[in-house]
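Everything numeric in this text was worked out from a predicted model, so none of it was measured. Numbered from 1 within each chain, the chains take letters A, B, ... in sequence-line order.
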Amino acid sequence: MQPMTTEQIRVLIARGKLKDTVFQALGIICLAIGLLVIFLLVGDMLLRGLDRLNLDFFTEFASRRASQSGILSAWVGTILVMFVTALAAVPLGVAAGIYLEEYAKRNWVTDIIEINITNLAAVPSIVYGLLSLGIFVYAFGLGQSILSAGLTLALLILPIVIVSTREAIRAIPAMIREGSMAVGATRWQTCRYHIIPYAMPGILTGVIIGLARAIGETAPIITIGALTFIAFLPPVPFTATGADGVSAGLFDWVMSPFTVMPIQIFNWTSRPDPAFEVNAAAAGFVLMGMVLSMNAIAIYLRYKMRKNIKW
Amino acid sequence: MSANNASDLHQVSDRLAHNAMRNVSERLIEGLLFAAAAVSVLTTVGIVYVLVSESFHFFQNVSIVDFLTDTQWTPLFDDAHYGIMVLISGTLVSSGVALLVAIPMGTIIAIYLSEFANSKVREVAKPVLELLGGIPTIVFGYFALLIVTPLLQKVFPDLPGFSLLSAGLVMGIMIVPYIASLSEDAMRAVPMSMREGSYAMGATKLYTAIHVVVPAAVSGLAASYILGISRAVGETMILAVAAGMQPNLTWNPMEPAATITSYIVQVALGDLPHGSIGYQTIFAAGLTLLLITLAFNIAGQWLRRRYREAY
């Protein structure tokens, strides 16, 4: 092989550098497409829906007339369903995370649980809807209620809560546990007074990310049969519910039919009348606002956590 | 002296009793925590039980051969046909379009972020990408139907209002963050010494990235692609909104079609009586969906084991 002249080597280097630059530009373009989609999405929804984004939109029920429709039942339903979801998913997920990190011995039972959690994270969300249609709605007789929907979403986000709890616990150094146990605390006392409080920011981040995911989930809730048109609110505890003057109990609302924001948007986008597109845009903007602000809080928490904790 | 002894003994037995109580409550708590961890296994058992038992009733009325070979899917008509291939074709075509967008874009972004971008860009770009992944899929559905389809119609005037192409493209954008984030993690795990070795031989950044880092991280990349496939196959709302929900045996992305997931949504929106054959079809469809995603996950785990690199 002929040795290359300096000129040839220079050409070779220039070509390599050019390729590097071209690829770098390609990478930036791809990233920019992602950003562009977010801007286009938010901008379009804001521009289209701006007229509808006033107080009435939040205090009116859905209606047959697009210009009078609001999202009252949708946002109330979303908040109530999220409340049930958090109430079920947080204790279950945190307890499971603590068990797997602090208690579990390495044996086939824990192996099965771990493999299960990884696999559940890959199960399509609509399958959770089918599960809950069969189990919660019919086998347990909970009906198409806020409770069924909340439990469905709780199962859906359980892997997220468990994984983030475990990661937060794993970051706590062993000396904390040793110190606690050295002064005579039991394993649970160690968890209760040390592990859980120190892992709290990490757990919270996972819970918020999970709830942000749950808020946008439509498919499993449609599958359990949530209604798409609702012009009443779930009963407020201890108020009269109808002409007979019977008061609603403290927990009557959990069995109430409901709708949520994504279903309201779906309903409006699937109508042939383009007047409803404006409503869909406005509601979509509100939903995006909810999800993005929750994600932003989670990202901020994680960022702050990484800076503050020094063991 | 003897009195003193008695009180000492008393104290000791008190302490023993206290200890015994403590042991009991410790055991109890451990049991509760284990039960929480076992919920994930129960969820899996529940999913398999519901899907298999309802599908079992379905397959008593419809032969498996018809289910797999019939070319029509008209379960709600008088002349009922149950050819799941119709739904599978829609699912595969839309997933294919999505992956043609998501895999190249996700990989390029990952290579750019891990090998080219400085740490500042990375710190900003990763959370922003996560925001893109957190957008509710119903909002992406809106985006596909009302923004992307009209844009595509300017390029392809024959494109109908509902199409697999537009739903698939948007689905691809949705999947990019998952692939980019996981691939970037995998490539960052490749030890610096391997890159330094390559640079020392005079290789450019791009050459090092493609010929050293990517092959070393191939198992992680494969895992991220498999996750992307799972997401695409299980995605529901984008398709339900933008792909038209018309059962249609087609391999042409320019046509409207139904996917397994959008069919389930369509049925759940009507009121089919519990226990009817139409009701059971959604469980048979759900079982098919679960088997498809399961097959991909097993393939992913196999790939990961086959190509795991030891550094």
Under 4.5 Å, counting heavy-atom pairs only, tell me which of B/Val48, B/Val148, B/Leu146, B/Val121 racks up the most with chain A.
B/Leu146

Step by step, would you call A/Leu156 with A/Leu153 a side chain to side chain contact (heavy atoms under 4.5 Å, CB included)?
CA-CA 5 Å; A/Leu156 183 68; A/Leu153 295 181; 4.0 Å; yes

Nearest non-hydrogen partners of A/Leu120 and B/Ser40, listed with the distance:
CD1-O, 3.4 Å

Atom CZ of B/Arg27 with >12 non-hydrogen neighbours under 6.0 angstrom
no

Crowding at NZ, B/Lys126 (>12 non-hydrogen neighbours, <6.0 Å):
yes

Option in A/Asp44, A/Ile98, A/Leu292, A/Asn119 with maximal non-hydrogen atom pairs under 4.5 Å from chain B
A/Asp44

Structural part of B/Met237 lying under 4.5 Å from a heavy atom of chain A:
side chain

Does A/Thr110 reach the main-chain N or O of A/Asn107 with its side chain, forming a donor-acceptor pair under 3.5 Å?
yes

Heavy-atom proximity to chain A below 4.5 Å, by part of B/Phe162
neither

Under a 4.5 Å heavy-atom cutoff, which of B/Ser230, B/Ala268, B/Ala209 has the most pairs with chain A?
B/Ala268

More than 12 non-hydrogen atoms from neighbouring residues, nucleotides or ligands closer than 6.0 Å to CZ on B/Phe56, yes or no?
no

Portion of B/Leu287 that has a non-hydrogen atom of chain A nearer than 4.5 angstrom
neither

Cut-off 4.5 Å, heavy atoms of chain B, and the answer for A/Leu155 is side chain

Heavy-atom cut-off 4.5 Å, strictly under: side chain, backbone, both or neither for A/Leu158 against chain B?
side chain

Assign the ring pair B/Phe116 / A/Phe23 to parallel, tilted or perpendicular, where the plane angle (0 to 90°) is split at 30° and 60°.
tilted

Measuring heavy-atom distances to chain B, does A/Thr269 have an atom under 4.5 Å in its side chain, in its backbone, in both, or in neither?
both

Determine yes or no for a side-chain-to-main-chain donor-acceptor pair under 3.5 angstrom, with B/Ser114 supplying the side chain and B/Met187 the backbone.
no

Looking only at non-hydrogen atoms, find the nearest pair between B/Ala144 and B/Ala242 and report the distance.
CB-CB, 3.6 Å

Non-hydrogen atoms of chain A under 4.5 Å away: do they reach the side chain of B/Glu30, the backbone, both or neither?
both

Taking only residues at least two apart or on different chains, which pairs with a member in residues 275-295 of chain A satisfy side-chain hydrogen bond (donor to acceptor under 3.5 Å, both in side chains)?
A/Arg52-A/Asn279

Kindly say whether A/Tyr103 contributes a backbone atom to a donor-acceptor pair with the side chain of A/Arg187 at under 3.5 angstrom?
no

Using a 4.5 angstrom heavy-atom cutoff, name the option from A/Val291, A/Thr186, A/Ile33 with the most pairs to chain B.
A/Thr186

Are B/Tyr225 and B/Thr107 close enough that a side-chain donor and a side-chain acceptor fall under 3.5 Å?
yes

So which part of A/Ala121 gets closer than 4.5 Å to some heavy atom of chain B, the side chain, the backbone, both or neither?
backbone

Given the options B/Pro177, B/Ser262, B/Pro127, which has more heavy-atom pairs under 4.5 Å with chain A than any of the others?
B/Pro127

If you count heavy-atom pairs under 4.5 Å between each of A/Arg48, A/Glu217, A/Lys17 and chain B, which one has the most?
A/Arg48

Could you tell me if B/Thr259 and B/Ser94 have a donor-acceptor pair between their side chains, going purely by distance under 3.5 Å?
no

Given that the side chain runs from C-beta out, which part of B/Leu227 has a heavy atom under 4.5 Å from chain A: side chain, backbone, both or neither?
neither

Choice from A/Ile265, A/Val127, A/Ile209 maximising heavy atom contacts with chain B below 4.5 Å:
A/Val127

How far apart are the closest heavy atoms of A/Tyr128 and A/Thr152, and which atoms are they?
O-CG2, 3.7 Å

Whatever's closer than 4.5 Å to a heavy atom in chain A on B/Val39 counts as side chain

If you apply the rule side chain to side chain contact (heavy atoms under 4.5 Å, CB included), what do you find for B/Ile264 with A/Thr223, and how did you get there?
CA-CA 7 Å; B/Ile264 296 174; A/Thr223 311; 4.1 Å; yes

Do B/Thr281 and B/Tyr263 get their side chains close enough for a donor-acceptor pair, meaning under 3.5 Å?
yes

Engaged part of B/Ile47 at the chain A interface, taking heavy atoms whose separation is under 4.5 Å
both

When heavy-atom pairs shorter than 4.5 Å are enumerated against chain A, which of B/Phe140, B/Phe283, B/Tyr207 gives the highest number?
B/Phe283

Would you mind checking which part of A/Met45 comes under 4.5 Å of any heavy atom in chain B, side chain (CB onward), backbone (N, CA, C, O), both or neither?
both

Below 4.5 Å from any heavy atom of chain A, which atoms of B/Thr261 appear? Answer side chain, backbone, both or neither.
both

Side chain, backbone, both or neither: which part of A/Glu102 has a non-hydrogen atom closer than 4.5 Å to chain B?
neither

For each of A/Ile299, A/Ile117, A/Leu130, tally heavy-atom pairs with chain B at distances under 4.5 Å, and name the one with the top tally.
A/Leu130

A/Val137 and A/Leu133 have their tightest heavy-atom pair at CB-O, 3.4 Å

Under 4.5 Å from any heavy atom of chain B - which part of A/Ile215
neither

Among the options A/Leu31, A/Ile162, A/Leu26, A/Ile28, pick out the one with the most heavy-atom pairs lying under 4.5 Å from chain B.
A/Leu31

Counting only non-hydrogen atoms closer than 4.5 Å, does A/Phe285 touch chain B with its backbone (N, CA, C, O), its side chain (CB onward), both, or neither?
neither

Tell me, out of B/Lys205, B/Glu115, B/Glu123, B/Glu235, who's got the most heavy-atom pairs with chain A below 4.5 Å.
B/Lys205

For A/Val109, which atoms come within 4.5 Å of any heavy atom of chain B: side chain, backbone, both, or neither?
side chain

Among B/Ala36, B/Ala35, B/Ala38, B/Gly234, single out the residue with the greatest number of heavy-atom pairs under 4.5 Å to chain A.
B/Ala36

What part of B/Ile173 is in contact with chain A, defined as an atom under 4.5 angstrom from a non-hydrogen atom: side chain, backbone, both or neither?
side chain

